[in-house]
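Please read the structure below before turning to the comments.
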There are 2 protein chains.
Amino acid sequence: MARKQGSHAGITGPRVQDTALRLFAQHGFAAVSMRQIAAEVGVQAGALYNYTADKQSLLFDLLQGNMTDLMGGLDSADLKGPPLSRLEGFTRFHIRYHLPRRDLVFLSYMELRNLSESNYATIARLRRAYEDRLEAILLDGVASADFAIDDCRIATLALIAQLTGITNWYRPDGRLSEEQVAETYWGLVRRTVAARSHA
Amino acid sequence: MARKQGSHAGITGPRVQDTALRLFAQHGFAAVSMRQIAAEVGVQAGALYNYTADKQSLLFDLLQGNMTDLMGGLDSADLKGPPLSRLEGFTRFHIRYHLPRRDLVFLSYMELRNLSESNYATIARLRRAYEDRLEAILLDGVASADFAIDDCRIATLALIAQLTGITNWYRPDGRLSEEQVAETYWGLVRRTVAARSHA
DNA sequence: TTTTCAAATGAACGGGCGTTCATTTAAATG
DNA sequence: CATTTAAATGAACGCCCGTTCATTTGAAAA
């Protein structure tokens, strides 16, 4: 049986991606079978291969799409002005981007080891480019004496780890709204780098 | 053939744990087969069941052992004195404990989802107890006006994420020694919470 | 030397894996 | 209505999985 009702391309495709993302994040890449994905989508396993070359590509496409969206979003945030403003913009963008995508974030950190060498290199390059955006802000701030930082590379990694860690405990129906979280973390970030205290 | 040379109990057992840890961290729990572990240990798959009830217990024992060691180590660190000193002690202990155990840390964050419900609850309880140790220090510091923190629970999670994130990039043969890392991160932590800047 | 038994073997169990492909279906096209 | 073709089926491929267990081995105990 095929095409039970209406043309399915452009419907099944995205559903395969969404289902794979959810299941990979929930159980791990290796623990999820193509047959499980197919069952949740509502097709047979063979049909998945109309939408992906193989299982590994399914993972890679999710991670690459995530990093591309992340970089694109940061570009759109269009950070300008003095270093402190740009740092605030980065912090708020990072939180705004990551909180609604907790599955994807978890996947991006956990399943890098399941990528082939060249696929891994691609993702690592994109991640490094993202980190470098923050590091550039920190370096500018040190140059202008707005920030006091010993080691900007370390501070970059420390801040990103701190911000990304939010996805480990945040729940949309929890004690804090996304806005409150952003406010609180911006306070922490500012104090971590600022040369002078703020009242 | 059995006992090729000398009694093997007490030798094979730990080797099974070590090998399982390394392979789980490298490839993921679900991606590693009992036969792979056995091959690296140098026995047949069946022999593993002299040392573990099943594959899941192998994972749980590793994670539980880690959390027990972590809590025990923190107790041994025996933090005393004013909040700032205790925070410094906690920070340095956390780094000292985690840096030589990067595989175990990675495993502890990635593979919680592969635990049964009750095994998961056990690990989560231990983790919460560890977080509460830090939170208690922060609360004391706020009470004594040594620290200025809006939300001590959030600050706790933020600091632990920041410190644990070191294991994602630290390499023993890298640019920074463990001591330099501890020094740099203690600087970041102090600035994040301290009520007044330090020269 | 003989006995004991912890430790390991190796075959077997039922089942699931990723992937391929000839075939069938039915919506869209002319 | 007849044709085309995108989309899905379902069986098959060879292979690996976690776990069990009767059997074998050989170091240590008697």
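Hydrogens, waters and symmetry mates are skipped; everything else that's a heavy atom, side chains included, is used. Proteins get letters first, then strands, A, B, ... in listed order; numbering begins at 1 in each.
- Look at CG on N114(B): it is 14 Å from C1' on dG18(D), rounded to the nearest Å.
- Separating the CD1 atom of I37(B) from the P atom of dT19(D) is a distance of 10 Å, rounded to the nearest angstrom.
- When each of V43(B) and K55(A) is assigned the nucleotide of DNA chain C with its nearest heavy atom, V43(B) is the one assigned upstream, toward the 5' end.
- Per the geometry, CG belonging to L48(A) stands 17 Å off P belonging to dC21(C), to the nearest Å.
- Between the CD1 atom of I11(A) and the P atom of dA27(C) there is a distance of 13 Å, rounded to whole Å.
- Set against dA8(C), dA8(D), dT19(D), the side chain of N50(A) has dA8(D) as its closest nucleotide.
- Under the rule for a salt bridge (charged side-chain N to carboxylate O under 4.0 Å, His left out), the partners of R92(A) that lie at least two apart in sequence or sit in another chain are E88(A), E179(A), E183(A).
- Remark: C1' of dT20(D) and CG of D54(B) are 13 Å apart, rounded to the nearest angstrom.
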Donor-acceptor pairs under 3.5 angstrom involving side-chain atoms of residues 34-44 of chain B: please list them, not counting sequence neighbours.
{"unit_1": "E40(B)", "atom_1": "OE1", "unit_2": "R22(B)", "atom_2": "NH1", "d": "3.3"}
{"unit_1": "E40(B)", "atom_1": "OE1", "unit_2": "R22(B)", "atom_2": "NH2", "d": "3.0"}

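- Checked for salt-bridge contact, R133(A) and D75(A) meet the test: a charged N lies under 4.0 Å from a carboxylate O.
- Summary of the strand contacts: G46(A) and A45(B) both lie near DNA chain D, and taking for each the nucleotide with the nearest heavy atom, the more 5' one is attributed to G46(A).
- Counting only residues at least two apart or on different chains, the side chain to side chain donor-acceptor pair (under 3.5 Å) pairs with a member in residues 153-167 of chain B are H94(B)-T164(B), E131(B)-R153(B), E135(B)-R153(B).
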Protein-nucleotides 12-15 of chain D N/O pairs closer than 3.5 Å?
{"unit_1": "dA12(D)", "atom_1": "N6", "unit_2": "R35(A)", "atom_2": "NH2", "d": "3.4"}

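- The side chain of A47(A) lies closest to dA8(D), out of dC17(D), dT9(C), dA8(D).
- Applying the salt bridge (charged side-chain N to carboxylate O under 4.0 Å, His left out) test to residues at least two apart or on different chains, the pairs with a partner in residues 161-175 of chain B are D151(A)-R175(B).
- In this model, the phosphate group of dC17(D) is approached by a side-chain N or O of S33(B) to a distance below 4.0 Å at OP1 or OP2.
- As judged by a 4.0 angstrom heavy-atom cut-off over every strand, Q36(B) is placed among residues touching the sugar-phosphate backbone only.
- Here V32(B) lies in heavy-atom contact (under 4.0 Å) with sugar-phosphate atoms only.
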Side-chain donor/acceptor pairs under 3.5 Å, residues 63-74 of chain B, sequence neighbours excluded:
{"unit_1": "N66(B)", "atom_1": "OD1", "unit_2": "Y97(B)", "atom_2": "OH", "d": "2.8"}
{"unit_1": "N66(B)", "atom_1": "ND2", "unit_2": "S108(B)", "atom_2": "OG", "d": "3.1"}
{"unit_1": "T68(B)", "atom_1": "OG1", "unit_2": "Q64(B)", "atom_2": "O", "d": "2.9"}

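- A side-chain N or O of D54(B) and one of S57(B) form a donor-acceptor pair less than 3.5 Å apart.
- Between the CE atom of M34(B) and the P atom of dA12(C) there is a distance of 21 Å, rounded to whole Å.
- Atom-to-atom, CD of Q44(B) to P of dT23(D) comes out at 19 Å; the value is rounded to the nearest Å.
- Here dC17(D) presents its P atom at 11 Å from OH of Y49(B), a figure rounded to the nearest Å.
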